[in-house]
Amino acid sequence: MQSIKLRIKDRINIYESRKHLTNLHKGSKGYITVASKDTDYIQWHYKNKDLVERTEDIVNDINAYVSQNTFYKPQRRIENIKELRAIYIDIDCYNSKYTKEAVQYFLENDFYGSKIPRPNYLIDSGRGLYYVILIKPVPSMALPLWYAVQRYLFNNLKKFGADANALDPTRVLRIVGTRNSKSGTCVEVLDAYDYEYSLKEIQEEYLPEINRDKKSKGRPKKMVSLFTEYSLYHARIIDLVKICELRDYNVEGHREVILFLYRYFSACFTEDSDEALSRALELNAKFKNPLPENEVIQDTKSATRAYENRLYKYTNKKLIEILDITLDEQPYLITIISGKEKYRRSADEQKTKKKAKRRNENGLTKREQDRLDNINSVKGLYKKGYKQVQIVKELGLTKGRVSQILKEIKNKKV
């Protein structure tokens, strides 16, 4: 009898896991990371269909995790983010004076709607809570805004034990229906809310200052400044990886400085120095001739001190110089560009704007619109039974032009 009850309980847990994964990654296009930390940390990558269909095989009963966002490649890295699908805070209430029950009470009565949105999931993770908002998927370009919202939520929840080291977009959280070996309890949903948020909606409701007019007077608010910094650090990270890709990861002579900068900008962006080191080691492993790990750790150690004290403000000119970035490479970069490349982009943008101005609301130039108007006018009169001579006289077009349009109408080409 006992074994039958256990088997029923296991089936219920698998059902809860599958339901959680289905809701979390509904319609996902990218790779989803599933991880296990039973003895060693191991991770796998799946597309949505395989993940849901094979939940029972994939999900380990103990200490199983899933990424909340998806990736272009089967690699859990910031620069590989494909879709941002969730905002989340890991609340380690055991590090605060509050119990899980107390945190839930205060959130429901004092926070939801006024200070923070009600989450789609409030999950008992074992010893703590997960606060999770599911959002309409947005691309990685929205990462700076995503981070600003993430930081805003953290600031509101830190007194309850919010984990400052669990704010990165590549984070994996425990899967509902699995067990936490530390607490010996099942990960379960305490509260669910069926509403589809958008990232922009949350920003406009809780961080309206980010839309602040750039021309408005006065110093920008702290969150606006953070948003601007996040945007720059994110662009720097993407550019460093792009430089490695353009050079086919053959970066001999620049390995140390690339890894130092990558570790520094990653720490500034994620505000997690341990995560930044981990990412730097992963990038090093992709080099054609990687450095020994102990060298990476030692040679880039100063990046952590620099991050903690915000020592460096690298200009584009300085980065171009120390990385020997060529003019041929700059068109592929976001921010590490020279004045010459900036001017080229500005000129291209002006050309595009001029072309756009020459077109009307239908996307047509004056000549294209006149041609379409003539065709429609000839069509209208032809349907009314007008002869070619009458159409020429009525519209003031040449006999040859009307003849051509009528031929196209008869051949159903227009």
Side-chain angles (χ1 to χ4, degrees), residues 25-31 47-49 70-73 80-85 135-146 196-201 203-204 210-211 213-215 231 235 238-239 242 245-246 326-335 337-414:
H25 286 295
K26 180 171 55 180
S28 292
K29 303 297 182 185
Y31 286 95
K47 285 298 186 78
N48 179 45
K49 187 178 178 181
T70 67
F71 307 90
Y72 280 107
K73 304 175 184 177
N80 292 336
I81 291 285
K82 181 177 178 65
E83 303 165 307
L84 295 165
R85 306 182 60 89
I135 58 174
K136 295 175 184 176
V138 291
S140 61
M141 290 180 291
L143 257 175
L145 178 57
W146 182 93
E196 188 176 36
Y197 290 96
S198 72
L199 184 61
K200 193 70 175 172
E201 171 191 359
Q203 175 262 308
E204 288 175 348
I210 285 180
N211 277 343
D213 186 350
K214 292 180 181 178
K215 296 180 181 179
S231 300
I238 299 301
D239 279 354
K242 178 55 72 174
E245 290 177 355
L246 291 171
T326 67
L327 281 173
D328 289 337
E329 290 174 325
Q330 290 177 35
Y332 299 95
L333 306 181
I334 301 171
T335 62
I337 57 174
S338 63
K340 188 172 182 179
E341 173 61 19
K342 189 175 181 181
Y343 176 78
R344 185 193 68 78
R345 292 186 188 186
S346 178
D348 287 348
E349 186 179 345
Q350 290 302 318
K351 286 180 184 177
T352 302
K353 285 181 178 178
K354 284 180 181 178
K355 285 182 180 179
K357 282 182 179 178
R358 291 202 302 264
R359 296 182 179 273
N360 59 21
E361 64 274 12
N362 298 318
L364 303 175
T365 62
K366 185 178 184 303
R367 184 176 179 180
E368 291 168 340
Q369 187 64 59
D370 288 344
R371 180 178 183 278
L372 183 61
D373 290 342
N374 288 337
I375 291 171
N376 288 334
S377 297
V378 172
K379 263 186 181 180
L381 294 177
Y382 179 70
K383 286 182 179 178
K384 289 180 180 179
Y386 279 57
K387 303 295 183 183
Q388 180 175 318
V389 178
Q390 294 173 303
I391 295 174
V392 169
K393 186 177 180 181
E394 181 73 22
L395 299 178
L397 298 174
T398 65
K399 182 179 177 182
R401 181 69 186 119
V402 173
S403 176
Q404 182 186 15
I405 293 173
L406 287 174
K407 187 176 180 180
E408 290 175 354
I409 290 171
K410 290 172 184 177
N411 292 331
K412 297 182 178 179
K413 290 184 178 180
V414 292

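- Listed by first and then second residue, the side chain to side chain donor-acceptor pair (under 3.5 Å) pairs involving residues 390-404 are R401-Q404 (not counting sequence neighbours).
- Here the closest non-hydrogen pair linking T335 and A235 is CG2-CB, 3.5 Å.
- Of all heavy-atom pairs spanning S140 and I81, the tightest one is CB-O, 3.3 Å.
- Annotation: side chain to side chain donor-acceptor pair (under 3.5 Å) contacts of Q330 (sequence neighbours excluded): S338.
- Residue I405 comes nearest to I375 through the heavy atom pair CG2-CA, 4.1 Å, listed as atom of the first residue, atom of the second, then distance.
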* Let me see the working for W146 and V138 under side-chain contact (heavy atoms from CB on, under 4.5 Å), right down to the final yes or no. => CA-CA 9 Å; W146 182 93; V138 291; 5.8 Å; no

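- Of the possible donor and acceptor atoms, one in the side chain of E83 sits under 3.5 Å from a partner among the backbone N and O of K29.
- With sequence neighbours left out, the salt bridge (Lys or Arg N to Asp or Glu O under 4.0 Å) criterion links K73 to E245.
- The OH atom of Y343 sits 10.5 Å away from atom CG of D348, with the distance rounded to the nearest 0.5 Å.
- When every heavy atom of R85 is checked against every heavy atom of T70, the shortest pair comes out as CD-CG2, 3.8 Å.
- For the salt bridge (Lys or Arg N to Asp or Glu O under 4.0 Å) test, no residue two or more places apart in sequence or in another chain qualifies with D373.
- The CD atom of E329 sits 11.0 Å away from the CG atom of D239 when rounded to the nearest 0.5 Å.
- To the nearest 0.5 Å, atoms CD1 (I334) and CE (M141) are separated by 9.5 Å.
- Between L397 and I391, every side-chain heavy-atom pair lies at or beyond the 4.5 Å cut-off.
- Of the inter-residue distances, the one linking L381 atom CG with Q388 atom CD reads 12.5 Å to the nearest 0.5 angstrom.
- Going from atom CG of L406 over to atom CG of N411 covers 11.0 Å, rounded to the nearest 0.5 Å.
- In terms of the ring-ring contact (aromatic ring centres under 6.0 Å, His included) criterion, residue partners of Y197 (sequence neighbours excluded) are, by chain and number, Y195.
- Scored by the salt bridge (Lys or Arg N to Asp or Glu O under 4.0 Å) test, E341 finds R344, R345 as partners (sequence neighbours excluded).
- How far CD1 of I135 is from CD of E201: 11.0 Å, rounded to the nearest 0.5 Å.
- Side-chain contact check for L395 versus V402: every heavy-atom pair is 4.5 Å or farther apart.
- The two residues L327 and P331 have their closest heavy-atom pair at O-CD, 3.0 Å.
- Pairing each heavy atom of K136 with each of S198, the nearest pair is CD-CB, 4.1 Å.
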